[in-house]
Enquirer: 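Attaching a single structure in structure tokens format; questions to follow.
The sequence lines fix the lettering, A, B, ..., with proteins before strands; numbering per chain opens at 1.
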Amino acid sequence: MKSKISLIIFVLAFAAAIGVWYYAFKYSVTNHRDVANENAIIVSASQIVKDFQTNETKANKTYLNKVIQLKGEVLKKDQDQAGNYTLTLKSDDPFSSVFCTLKKGVKLSNKDSTITIKGVCEGFLSDVVLNDGVIVK
Amino acid sequence: MMNKATLVLFLVTFSFSLHAQKLFSTKTGQIRFNASSPLEQIAAINNQVDSKMIDKTGQIVFSVLIKSFKFENQLMEDHFNENYLESSKIPKADFKGFISNIASVNFAKDGKYPAVFIGTLTIHGVQQKVSTTGDVIIADGTPSISGVFKIKLADYGIVGSYIGGKIANEAEVTVNCKYQ
């Protein structure tokens, strides 16, 4: 009886260990956060820049690590050193914009001058920075 | 009278050319972070580094958002942000300083120039004076900065039971920023 219980405990502990190992080293490598499936905070490029400029601490609480969807006028399209596409969206302030790096593999077409994107907000440097961006429209 | 005007013109032109300086900048510089131990591969890459450099004075600034560091493993990235760098509280890190031997870099001539960086590195809200070496590379008239240096995590108040075991005590930081 006693050995049966210890066997069951051993089997359960083993299964749990396998589960933890799988989650930490297998699942977490292949399953990354996907912005397309997350609800977004909808805001304009001008507004999010203004929010960060007026009170960065407060804006960080509102936007940091959240999925943001915004529509804006494209100022610049470029590629970073790793080959990911980047977008700069215009705000009311000529010295500060929204800078978004698109998700690996997401491409930009040449024609769009106004665009709606969705991305994760990482904070504020000279621009509001988004990453993992996808194009909504 | 004519001579005086020429002299003034000469002085004005001369002083302008003496002070003419160029600001180079990028928003897509690259910084890699590696704190791998023999037990675990812990590496991240940030492709959204903001950097500015002035050619005449050698003044240089790098600013990064901690959340822009991307790991292959999402769970590792979450732990890096939440438990170690506390990026919700302290979203940024930066380096502000000078390339002390900038005079030896000829921005007009392509080549690789050894550079000495001296300044203040702020990570996790902790400021440390640092000095390190790297290169200024001029290619087609455009400068890039490259360099590798090590930081002791404890110096920046980054603590945790895994540090020294699964996570190395020292992280290697690799900078590669191409200016526009």
Enquirer: Whether the side chain of B/Gln74 engages the backbone of A/Arg33 through a donor-acceptor N/O pair (distance < 3.5 Å, no angle test) should be reported.
Expert: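 It does hold such a pair.
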Enquirer: Give, as side chain, backbone, both or neither, the part of B/Asn176 having an atom under 4.5 angstrom from any heavy atom of chain A.
Expert: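 Interface part for B/Asn176: both.
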Enquirer: Non-hydrogen atoms of chain A under 4.5 Å away: do they reach the side chain of B/Lys92, the backbone, both or neither?
Expert: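 Side chain only.
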Enquirer: In terms of heavy-atom pairs under 4.5 Å, which option from B/Lys27, B/Lys67, B/Gln30 contacts chain A the most?
Expert: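 Going by pairs under 4.5 Å, I would pick B/Lys67.
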Enquirer: What is the minimum heavy-atom distance between A/Leu64 and B/Ser87, and which atoms define it?
Expert: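 So the two residues come closest at CD2-O, 3.7 Å.
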Enquirer: Quick check: closest heavy atoms across A/Asn131 and B/Ser68, and the distance to 0.1 Å?
Expert: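 Scanning both residues completely, I find the closest heavy atoms to be ND2-O, 4.5 Å.
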Enquirer: Identify which part of B/Glu40 has an atom lying under 4.5 Å from any heavy atom of chain A, answering side chain, backbone, both or neither.
Expert: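 Looking at B/Glu40, just its side chain touches chain A.
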Enquirer: Side chain from CB out, backbone as N, CA, C, O: work out which of these in B/Lys89 comes under 4.5 Å of a heavy atom of chain A, or both, or neither.
Expert: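 Neither the backbone nor the side chain of B/Lys89 comes within 4.5 Å of chain A.
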Enquirer: For the residue pair B/Ser88 and A/Asn65, establish whether any side-chain heavy-atom pair is separated by less than 4.5 Å.
Expert: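 In short, these two side chains do not touch, never coming nearer than 4.5 Å.
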Enquirer: Looking at every heavy atom in both A/Ala82 and B/Asn47, which two are closest together, and how far apart are they?
Expert: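 For A/Ala82 versus B/Asn47, the nearest heavy atoms are CB-ND2, 3.5 Å.
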Enquirer: Is A/Val129 reachable from A/Ile117 through a run of hydrophobic residues whose side-chain heavy atoms are each under 4.5 Å from the next?
Expert: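 Result: no, two separate clusters.
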Enquirer: Kindly give the heavy-atom pair with the smallest separation between A/Gln81 and B/Thr28, and that separation in Å.
Expert: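 Distance-wise, the nearest heavy atoms are OE1-O, 3.4 Å.
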Enquirer: Any side-chain donor-acceptor pair under 3.5 Å between B/Gln48 and A/Thr101?
Expert: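 Per modelled atom types, B/Gln48 and A/Thr101 side chains form a pair under 3.5 Å.
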Enquirer: Would you say B/Leu85 and B/Phe95 are hydrophobically clustered, going by side-chain heavy atoms of ILVMFWY under 4.5 Å?
Expert: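 Same cluster: B/Leu85 reaches B/Phe95 through Ile, Leu, Val, Met, Phe, Trp or Tyr contacts under 4.5 Å.
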Enquirer: Indicate if B/Leu121 and B/Phe69 have the same hydrophobic cluster label, given that clusters are the connected sets of ILVMFWY residues with side-chain heavy-atom separations under 4.5 angstrom.
Expert: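 Linked, B/Leu121 and B/Phe69 end up in one cluster.
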Enquirer: Check whether B/Tyr179 and B/Ile31 end up in the same hydrophobic cluster, where Ile, Leu, Val, Met, Phe, Trp and Tyr are linked by side-chain heavy atoms less than 4.5 Å apart.
Expert: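 Yes, B/Tyr179 and B/Ile31 fall within the same hydrophobic cluster.
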